[in-house]
Amino acid sequence: MTQKIIVTGGCGYIGSHTTVALQQAGFNVVIFDNLVNSSADVITGITQITGISPEFEQIDCTDLTAIRDAFSRHRDAAGVIHFAALKAVGESVSKPTEYYRNNLVSLLNVLDMMVAFNIPNIVFSSSATVYGDADNLPVREDTPLKPATSPYGQTKVIGESIIRDAVAAHPGLNSCLLRYFNPIGAHPSGLIGESPSGIPNNLLPYITQTAAGIRECLSVFGDDYDTPDGFCIRDYIDVNDLAAAHLSALRYMISHPTGTDVFNLGTGRGVSVMELIKTFEQATGQKLNYKITARRPGDIPAIWADPSRAERLLGWRARVPLSDTLLSAWRWQTKSMKK
Ligand code: NAD
Ligand code: UDP
């Protein structure tokens, strides 16, 4: 029988790619999204790629009445993938209560409705931000967490705790907490991708917009870190690989109802800012205008994942080569400018 999955935040960057992966694997998807950081046009892209239009409920997950109604219509769901959240780290510092309210009330409502309607499985979008500036690299799931440095990060730390407590209290409930490293890239079709509003905070959208002439010059934040080439290191994971991991996590939970589990989702390889720039130039043939500037306050010098637990238990690992990911991001940038 076809299983239904509720995808909150399914019109967003990672949610849309995950909806594609779910539909291609034969799941029925219903998206709950209030479009606060996305557009319903994404549904058209998903439909063009998969040939299937996901069901869409335009609702705010913080609205208990609306979400209760929506869950009652979809009480047959086998699981929920909960992406819906606000995610701009800097904005969360200036609007902390908005971030806590949106991200935590949404999660509380989703959990209460899952319990009320006996929906057993939740996959939660957590982040490598919970590790802070870790003492040992690569980070494993049992690496001690550091205090979050922003209200956004704090919503992920608290969100993980809320889920653990809810699962402990409700034997029928299972969760996978997925700690994403740095998701980048777009669907190879160029039909869906990341659409940052305003000036991008993240490195790759800034790179593609600079190459496209929308931004004049990329500022590279610091070249004097204690890393092999002096630039910050991150673990950049292709968004399609990330989407596939959600599918693996769901299947794992459906076949092993084991309480709460946590997985790092990264490639296991640290890449410096300069290495990313050079790989982008090689992969796309675009020359990038950049300058070295001061360090960005609060930046962690280096972090990358040990993703071996996900490989061992979920049978998942990152597969897409970095140059293909950068090409997909560039294809999305150029295609979305023509719209
Ligand atoms: P995104 O902003 O593209 O997608 C989030 C979606 O949630 C948007 O479509 C938005 O409209 C929706 N949304 C937000 N609040 C809502 C609410 N109250 N009710 C209904 N819908 C709501 O972000 P993304 O990059 O796809 O991130 C998805 C998840 O992954 C988030 O939880 C984010 O914190 C987490 N995450 C993202 C990254 C990253 O770098 N992109 C890294 C780690 C974790
Ligand atoms: N970065 C940069 N210029 C930018 C944006 C980011 O040099 O305009 C660097 C940043 O210092 C960090 C890396 O790129 O070392 C990744 O930054 P991003 O904000 O994408 O991810 P995060 O720091 O949250 O992991």
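Ligands are counted one by one from 1 in listed order, and the atoms in each one are counted from 1 as well.
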Side chains of Glu160 and Ser126: is there a donor and an acceptor less than 3.5 Å apart?
yes
Just which atoms of ligand 1 are under 4.0 Å from any heavy atom in Val36?
10 (C), 11 (O), 13 (N), 14 (C), 15 (N)
Can you list the atoms of ligand 1 that are under 4.0 Å from a heavy atom of Ser125?
29 (C), 30 (O), 32 (O), 35 (C)
Among Tyr180, Phe263, Tyr252, the one residue meeting ring pair (Phe, Tyr, Trp, His ring centres under 6.0 Å) with His246
Tyr180
How close do Phe56 and Cys11 get, heavy atom to heavy atom, and via which atoms?
CE1-SG, 3.9 Å
Taking only heavy atoms of Ser126 into account, list the atoms of ligand 1 that are under 4.0 Å away from them.
43 (C), 44 (C)
Counting heavy atoms under 4.0 Å, the part of Leu35 that contacts ligand 1 is backbone
May I ask you to establish whether Arg295 and Phe221 are in a cation-pi arrangement, using a distance under 6.0 Å from NZ or CZ to the six-membered ring centre and at most 45° from the ring axis?
no
Assess the pair Phe83 and His17: is the distance between their ring centroids shorter than 6.0 Å?
no
Considering residues at least two apart in sequence or located in another chain, which fulfil the salt bridge (charged side-chain N to carboxylate O under 4.0 Å, His left out) criterion with Arg312?
none
Note down each nitrogen or oxygen pair, ligand 2 side and protein side, whose separation is under 3.5 Å; give only atom names and the distance to 0.1 Å.
{"residue": "ligand 2", "atom": "3 (N)", "partner": "Ser219", "partner atom": "O", "Å": "2.7"}
{"residue": "ligand 2", "atom": "7 (O)", "partner": "Ser219", "partner atom": "O", "Å": "3.4"}
{"residue": "ligand 2", "atom": "7 (O)", "partner": "Phe221", "partner atom": "N", "Å": "2.9"}
{"residue": "ligand 2", "atom": "11 (O)", "partner": "Asp299", "partner atom": "OD2", "Å": "2.5"}
{"residue": "ligand 2", "atom": "17 (O)", "partner": "Arg296", "partner atom": "NH2", "Å": "3.3"}
{"residue": "ligand 2", "atom": "19 (O)", "partner": "Asn202", "partner atom": "ND2", "Å": "3.3"}
{"residue": "ligand 2", "atom": "19 (O)", "partner": "Arg296", "partner atom": "NH1", "Å": "3.4"}
{"residue": "ligand 2", "atom": "19 (O)", "partner": "Arg296", "partner atom": "NH2", "Å": "2.8"}
{"residue": "ligand 2", "atom": "20 (O)", "partner": "Asn202", "partner atom": "ND2", "Å": "3.1"}
{"residue": "ligand 2", "atom": "20 (O)", "partner": "Leu203", "partner atom": "N", "Å": "2.9"}
{"residue": "ligand 2", "atom": "21 (O)", "partner": "Asn182", "partner atom": "ND2", "Å": "3.1"}
{"residue": "ligand 2", "atom": "23 (O)", "partner": "Arg234", "partner atom": "NE", "Å": "3.3"}
{"residue": "ligand 2", "atom": "23 (O)", "partner": "Arg234", "partner atom": "NH2", "Å": "3.2"}
{"residue": "ligand 2", "atom": "23 (O)", "partner": "Arg296", "partner atom": "NH2", "Å": "3.1"}
{"residue": "ligand 2", "atom": "25 (O)", "partner": "Asn182", "partner atom": "ND2", "Å": "2.9"}
{"residue": "ligand 2", "atom": "25 (O)", "partner": "Arg234", "partner atom": "NE", "Å": "2.8"}

Salt bridge between Asp241 and Arg319, side-chain N to carboxylate O under 4.0 Å?
no
For Ser127, what residues pass the side-chain hydrogen bond (donor to acceptor under 3.5 Å, both in side chains) criterion, not counting sequence neighbours?
none
Please say whether more than 12 non-hydrogen atoms of neighbouring residues, nucleotides or ligands are located less than 6.0 Å from CG in Asp224.
yes
Quick one: nearest non-hydrogen protein atom to atom 2 (O) of ligand 1, plus distance?
Asn37 ND2, 2.7 Å
Beyond-backbone contact of Met113 with Val110, side-chain heavy atoms, under 4.5 angstrom:
no
Any N or O on Cys61 sitting closer than 3.5 Å to an N or O of ligand 1?
yes
Any atom of ligand 1 sitting under 4.0 Å from a heavy atom of Arg179?
no
Checking the N or O distance criterion of under 3.5 Å, is ligand 1 in contact with Tyr152?
yes
To which residues is Val105 joined in a hydrophobic cluster, defined by side-chain heavy-atom contacts under 4.5 Å among Ile, Leu, Val, Met, Phe, Trp and Tyr, whether direct or through other members?
none
Going by the atom numbers of ligand 1, which of them fall below 4.0 Å from some non-hydrogen atom of Asp60?
17 (C), 18 (N), 19 (N)
CZ of Arg73: more than 12 outside heavy atoms within 6.0 angstrom?
yes
Just go through Phe32, Phe83, Tyr13, Phe181 and tell me whose heavy atom is the nearest to atom 31 (C) of ligand 1.
Phe83
Flag yes if more than 12 heavy atoms outside Lys95 fall under 6.0 Å of its NZ atom; otherwise flag no.
no
Do the rings of Phe71 and Phe117 sit parallel, tilted or perpendicular, given the 30° and 60° boundaries?
parallel
Going by distance only, is there an N or O of Tyr180 that falls short of 3.5 Å from an N or O of ligand 1?
no
What about Gly12: any of its N or O atoms under 3.5 Å from an N or O on ligand 1?
yes
Do other residues, nucleotides or ligands put more than 12 heavy atoms under 6.0 Å from Arg140 CZ?
no
Short version for Ile59: what comes under 4.0 Å of ligand 1, heavy atoms counted, is backbone
Looking at Asp142, I'd like to know if its CG atom is crowded, meaning that more than 12 non-hydrogen atoms belonging to other residues, nucleotides or ligands lie closer than 6.0 Å.
yes
Atoms in ligand 1 flagged as close to Ser127, the criterion being non-hydrogen separation under 4.0 Å
43 (C), 44 (C)
Atom indices of ligand 1 within 4.0 angstrom of Asn34 heavy atoms, with elements:
11 (O), 13 (N), 16 (C), 17 (C), 18 (N), 19 (N), 20 (C), 21 (N), 22 (C)
With a heavy-atom distance limit of 4.0 Å, tell me whether Ser195 approaches ligand 1 through its side chain, its backbone, both, or neither.
neither
What do we get for Glu194 next to ligand 1 when only non-hydrogen atoms under 4.0 Å count, side chain, backbone, both or neither?
neither
Are Arg179 and Tyr131 close enough that a side-chain donor and a side-chain acceptor fall under 3.5 Å?
yes
Quick test: of every protein heavy atom, which one is nearest to atom 5 (C) of ligand 1, and how far off is it to 0.1 Å?
Ala85 O, 3.9 Å
Nearest protein heavy atom with distance in Å, relative to atom 10 (C) of ligand 1
Asp33 OD1, 3.5 Å
Sub-3.5 Å N/O-N/O distance, Ile14 and ligand 1
yes
Side chain, backbone, both or neither: Asn102 near ligand 1, heavy atoms under 4.0 Å
side chain
same_hphob_cluster(Ile5, Leu173) at 4.5 Å side-chain heavy-atom cutoff
no
Show which atoms of ligand 1 fall inside a sub-4.0 Å distance from at least one heavy-atom site of Ser106.
18 (N)
Only heavy atoms of Cys11, strictly under 4.0 Å: list the atoms of ligand 1 that pass.
9 (O)
Nearest-contact summary for atom 24 (P) of ligand 1 - protein heavy atom, Å
Lys87 NZ, 3.7 Å
among protein heavy atoms, the one nearest atom 40 (O) of ligand 1 is Pro183 CD, 3.3 Å
